[in-house]
Each structure stands twice: as C-alpha cells, then as structure tokens.
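Working notes for the structure below.
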Amino acid sequence: MAEATAAGRVARTRRHRRRHRDRAGYLFILPWVLGFLIFTAGPMIASLVLSFTDYSMIRPPTGVGTANYRELLSDPRVMKSLSNTFVYAAMFVPLGTVVALALALLLHRVGRAAGFFRTAFYLPVMTPAVAAGAMFLLLLNGQQGLVNKVLSFVGIAGPNWTTDPNWLKPSLAIVSLWSLGGAVVIYLAALQGVPRQLHEAAQLDGAGPIRRFFVITLPMISGAVFFTVITHTIAAMQMFDQAYTMFYGPQQKANASDESLVYMVYLFQNAFQYFHMGFASAMAWLLFVIIVVITVVQVKVGNHFVYYEGGEPK
Amino acid sequence: MRHARSLPLATLVGLTLTSSLMLSACAGVGGGSDQEPTTNGGGSGGSGGASTPSGALKIMGFSGGDEVASSRMNAFKAAYPDVDVTANKGDFDAQQFLTAVSSGNAPDVVYMDRKLIGTYAAQGAIEPMDTCVKNQHIDTSQYREAAMQQVTINGKVYGIPEFYTVSVNLINEKALRAAGLTDADVQTKDWDALKATTKRLFESDGSKLQRIGYDTHIPDAFPLWARANGVEIINKDGSPNLNDPKAVEALQFNMDMVRMQGGWSDYKAFRDSFDLFGEKNQFTKDQLVAFPIENWYVNVLLSSRKNGLQLGSTMFTDKKGQPISILGGNAWAIPKGAKNVAAACAFAKTMTDKQTWMKAAAARIATVKKDKSFFTGLFTANKPADEAIKAKYLKPTGDKGFDTAIENYYKTLDVAKPLPSSPVGSQIDNAWAAAVERALSGKMSAKDALDRAQQEAQGAFDKAPQNG
C-alpha cells in the first residue's frame, strides 16, 4: 500500500515536472506562434477570402464567387506571365546552382585571404536588387554596354540583352546570379563538412579530382544542393524586383515587352495599378498551389538522389 | 540565403488583411466618393478646409528638393506656422498610396500625375475638392483650362494643378547643319519628308548605331503621334480608341522610322545608352540630332553648353502644320481618409498661387545667378503666374538657340491639350505600350497589335466602376 502510494507520488511529481517543462516550451515558442498566426496564417486566410471578392483596396470587397479564378484561366496575360516565369526559372535554377557551386569550390580552395573572398562574394547580396537591376541595364546594353564590349574582344558580337525579346529572360537569369552569395555560403559550409579521409582513400585508389567530385563531394553535399534547388525554384517563381526595375518601372514604358512580363509583375500591376486586389489574391493563390506542387515533386524526386547521413528520410 | 526580393503571398496577404481590417475604420471618414472629406484632426475643426489650418499635415509623393520646390514649401510654412508639415521622400508610388489609404493612414494631401486623377477619382481613392475650393476661395480660373480639364471629373474638381509640361522638337544644331539641313527640315507636318530628313541624319557603322537622326520618342510619344494624325487614343468618355485607322497609321509611321534606323532592338539599346541628364549628353556626343521632348529638359541642357551644345528647336505640329502637344503635369489631391483637410486645402492653394510661384521664380533666378547660367522659364498651370514670371524674369539669354526653344515652349502652352481622363487609365496605358512594343519588335503588324490592345483596354473599361 505504502509502496503504491510512493509510486503514485513519484508519477505525479514526474507529470508535474513534465507539465512545467512543456509550459516553458510553449512559452518559448509563443512569440513565433503569435508571429506566424498574425503575420502569415491570418493574412493568408484573409487573402484566400479576398480572392473570392472584387476588391479595389478602396471600396469594401464584394463577393464574386469563383469569378476571379475563372478569369485566371481566360486571361492570356496570366498564362503568358506564367510561361515566362517557368522559362526564367528553368534557366536560373540550374545556372544558379552550377555557378554557386563553382564559386564555393573555388572559395573552398582559397587559403590566404579566404575571409576577404567570402565577404566579397557575399557583398552583392547586400546590394539592393533595384540598384543591381539598374546597374545591369547599363552593363548589358547591347550597343554600348561593357559586357558586349568585352565579348567583342574575343570576336563575339553580343546580343541586345535588354531590348531583344529573345534575350530578355536570359538577361534576367544572368542578373539574378548577382545575388547568389547566400547559396555560395551554404555550399561552402557543406564542402567543409565532407570528411577528408574519403578523398584520401579515393585518391589512394587512383581516383582523380573530377571522379572524386562526382562520387564523393557531390553526394556528400547533395542535401545542401537539394535545399538550394528548392529555395531557388521558389525564389524564381516569385521573381519581381529586378524584372520590375529593368522592364516595368515608372520610366520603363519602352521596355514593356510581353517576353519580360513575369508572374509577380502582372500580379503587382493588377493589385496596385488596376485596383484588382481580389484578382491579384487569386493569382497569388494560384502561384502558391503551383509552388507547392513543384516543391512536392522536387522533394519526391530529390529524395532518390540525396544522401542522408542518418539514413533515408521517412 | 537571400534571394531577389519578391512580392510573395506573405506580402500580399499581409497587405490585404491589414486593409480589410481597416475598412470599417475608414468607412466613416470622408464618406463615399461623392462626399467631401471631413476634417477630424489637426485642430482645424471644420470641413472642406473652412477653418484656419493647424496641426500635422502629411504629404505624399512630393520629392522635389530643388529651389522651386523648397521655396514654395517655405512659403507655406511661413504663412501657416501652426501647421507641422511632414513629407515622405520619393515620388508618387501607387502601392504606397493605396496601402496607406486602405489601412486608414492616408496622407492629407498627395502629389500625383494629373493623368492618374481620373482613375483614382473613379476608384474613390481621392475626394472631390469643390468644398475645399469654395472654403479656401481658390480661384480656379487662374489655372489653365486644359489643366483644369484634367482634374475635373463629372463636373467635380479632384485636384489643384501645378506644373505644365508640353513638348517641342529640340535639335542638335551642329549635326543638322553639318548634314546640310536647316531647322525647317525638322518638322512633323510632312511625314514622308521627315523620313527623308531622318535618313540623311542617321549614321551607323554597319554593326553599331552611331547616330539617330530623328527619335520619335516612341513608345511614350505614341498618343502625340496619333494626335498629330488627327485622332485621340482615348475617347471623351474615357473609353479606349486605340485601333482607330489613324492611330494604326501613326504607329506604322513610327515603325518605319525605327526600322530605317537599325530596327527596334538596336535602336532602343542605343537610345538607352544616352546620358540624358549628363553634361555630355546625346547631343554633345552627337548620338542624336532631334527629338520631341518636354519643357523641363531645356533647363537640364544648360550644363552641356560648355561642352559645345548648339541647340535648335521647332514646334511639334500635326499634319496640318498646327502646333500640338500632349499636356502633362502633376496635381495636388486629397485622398480618401485625409485627416487634416483644412491644412491640405490651404497647402494646395498656397503651392499653386501666383505669389508663391513668384517666390519660386525668384529662388530659381538666385540659383542661375550663382551658377552663372540663365533662366529658362518656369512652366506652371497658373497662367497669370506664368505671364508675370515671363515678364519679370525671362530675358534674352544671349544664346539664340535656347531663346528659340524657350519661346517655342511658351507658344505651345496655349495649344496643349490633355488626353481625356479614364477610369482605367493605367490599363489603357499598359495596353498601348505593349501593343507598340509588339509592333516595333516585329511580332505583330500595327493593326493587329492595336486591335489586341483595344480589346484588352475595352474589356477593362467595360468592367470599370464609373465615377459619380
């Protein structure tokens, strides 16, 4: 009897301690949860509601059912901007991944002044994207720009990057490379985590640098590559500021080509120039769904190629 | 990792939530679009700007930092010491303005392009100012009629007009004479003759453009070329008229002009490389011979005289030889939800009245004396002010080219007309800009491009809320 009472007391004490611990945990995450509810979940729900309304931001919203979603399907500029965005993403994501990885590999080998080079490569991330967009308009000018002048030294006649409709999306992808510093830092950290003994063992077996890169380095950093591919894809689908600065800003009427109309620019136009916030909300939800689908596919496919030290993800 | 900033769901939905939450708060301030805003702050104690202004005055969209802007701002502060003026930096930004209004944090007065007034009035984003005009005894007859047309929608005044921009042809005289031509050859009455002139002035080394002969300023100047051909691209009721055969013909002419000067891609890239505001600009570097440009630009060109600029000028005319111009300029408007309407009205009045403009002109004169330069005129929507400034301050400069250009701008003031306002002005603008680009880049014929633009713009117009 006494033993049972003592056991009950111990259990109660443990439960009390667990509750106390749980409460502390909840208190610690409370700011984040509140922030999520107020600044993310709440607005998302509001946006979902508004996507079923006609809302100008000035007058109260009025319900229109699924009209905005039906209009998404019938508006040719929605489809055009979406296809432009897909093409841009298809250019930027592989290019960005390869360039960031190449820069990280170079930085990984730098001995002296490594800190300087890491800072130098990260610095563009701190530059406002609008300033970068304006700068690249000058650099990529087809007639007088520095890029084409350099290309001409090696006998290449550069294209009109910013005025030829066929080169607008490639030039956007190139401009986006400017802010790859974050991905470079991630790859660099991943490269530094690759065990040196694996390379030594492979070297002893006669593997050259290229073979070692593909059979050791790449698999070992595949988690980081996977992560950046997903985040680059999401960022590419949401590309706005550089496209807007280069082609759709107040002084850029002459640049308003169909080929440079990315999805978020058209969404912005609907929300803030055409007073169609309800339609813009529907556009935002369509993009959200598309991004979710792409991400799920990437995760499913990516899991077959990514090396997880703790075993396969469930 | 930092990616290019985007407008993701979080931003958009955050905005929409905030604005929807604030809707009920806004609903009682200013009332509907056909009501005058009430003054419920700033200690003004009245409505429609009736009482002596005091308290805080928030201004949006006015970034002017030159002596013409600051002298007028100082004039207001001196006249109304009890008003505490705060102005956000930067030009008018639709996103900033709409979110401010919809979240109940509207500025008291906003400075915006007059061509936007019709759209914002139709949406109820700005309020009628008739009571303000009445209570502040603003004499609207002092403003040029064309400017008042731009801010008067369905018989109600929605803005107080400020500057007045018109276009004439400016010419790189040195290049023109070197080609054996005279100012008379830079004319827009005979389009075939203009093509011939342009052909003589255009230069290319085969792979790169060296000089544009006559830049039609397309696409921005498309409405001007349509007018020159006898048609307005917006009807009086605000509906689009983009595919009128005369508009198509005007676009076709522009396509020909661009094609004979390297084609759109090269032409545009070359034009983008101009240092329009630099001392070594497209004229002094002999990259351009002539183009139609607005009156503010003549003041910019002063700095390039030391680099050998010889300026010439001709009027921009229609095909009958009559001078024409699309009228531009800004206006002061009172947003829905403005809290200190009394101060806003007094501010709009003070910034645009004759005495204040005279102070601004005096400040400009002081600057040009300091810079050892000369006065190129001040072009306002206030006609008596313009005339007084011209009479008092505008003297022969000693540079005949500048004198002619300035005189041409003054002559154009009375013939300039605005494009009719439209509740879907932005959609119409974007539709024709895209059409012009499609045509210039060779993706569509002028007619097909404008037919499509008309369809898009008409669709938007049909769905637009009609103001009043």
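Proteins get letters first, then strands, A, B, ... in listed order; numbering begins at 1 in each.
- At least one side-chain heavy atom of B:T99 sits under 4.5 Å from a side-chain heavy atom of A:F272.
- Side-chain contact between A:E259 and B:K443: present, with at least one pair of heavy atoms (C-beta onward) separated by less than 4.5 Å.
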- [ ] Could you walk me through whether A:H276 and B:Q427 pass the side chain to side chain contact (heavy atoms under 4.5 Å, CB included) test, one step at a time?
- [x] CA-CA 11 Å; A:H276 292 166; B:Q427 284 98 321; 4.0 Å; yes

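- Of all heavy-atom pairs between A:S56 and B:Q123, the closest is CB-OE1, 3.5 Å.
- For the options A:V185, A:D164, A:L261, heavy-atom pairs under 4.5 Å to chain B are most numerous at A:D164.
- The two atoms that bring B:A269 and A:N160 nearest to each other are CB-OD1, 3.5 Å, heavy atoms only.
- When all heavy atoms of A:N141 and B:S273 are compared, the pair lying nearest together is ND2-N, 3.6 Å.
- The 12-atom threshold is not exceeded at CD of B:Q455, counting heavy atoms of other residues, nucleotides or ligands nearer than 6.0 Å.
- For B:R259, there are no side-chain hydrogen bond (donor to acceptor under 3.5 Å, both in side chains) partners at least two apart in sequence or on another chain.
- When each of A:Y274, A:Y248, A:Y266 is checked for a side chain to side chain contact (heavy atoms under 4.5 Å, CB included) with B:N430, only A:Y274 meets the rule.
- Taking the side chain as every heavy atom from C-beta outward, A:Q143 and B:Q287 never approach each other to under 4.5 Å.
- Considering OG of B:S426 and CD of A:Q273, their distance stands at 5.5 Å, rounded to 0.5 Å.
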- Item | Audit row: B:D272, A:L137, side chain to side chain contact (heavy atoms under 4.5 Å, CB included) steps and yes/no | CA-CA 9 Å; B:D272 282 352; A:L137 270 181; 5.6 Å; no

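- Distance check: A:N148 CG to B:K208 NZ gives 5.0 Å after rounding to the nearest 0.5 Å.
- Under the ring-ring contact (aromatic ring centres under 6.0 Å, His included) criterion, A:W161 pairs with A:W167, sequence neighbours left out.
- Side-chain contact between B:T119 and A:F275: present, with at least one pair of heavy atoms (C-beta onward) separated by less than 4.5 Å.
- The distance from atom CG of B:L98 to atom CD1 of A:I58, rounded to the nearest 0.5 Å, is 5.0 Å.
- Across every non-hydrogen atom of B:A434 and A:D258, the tightest pair is CB-OD1, 4.4 Å.
- With a 4.5 Å cut-off on side-chain heavy atoms, B:E437 and A:P165 count as touching.
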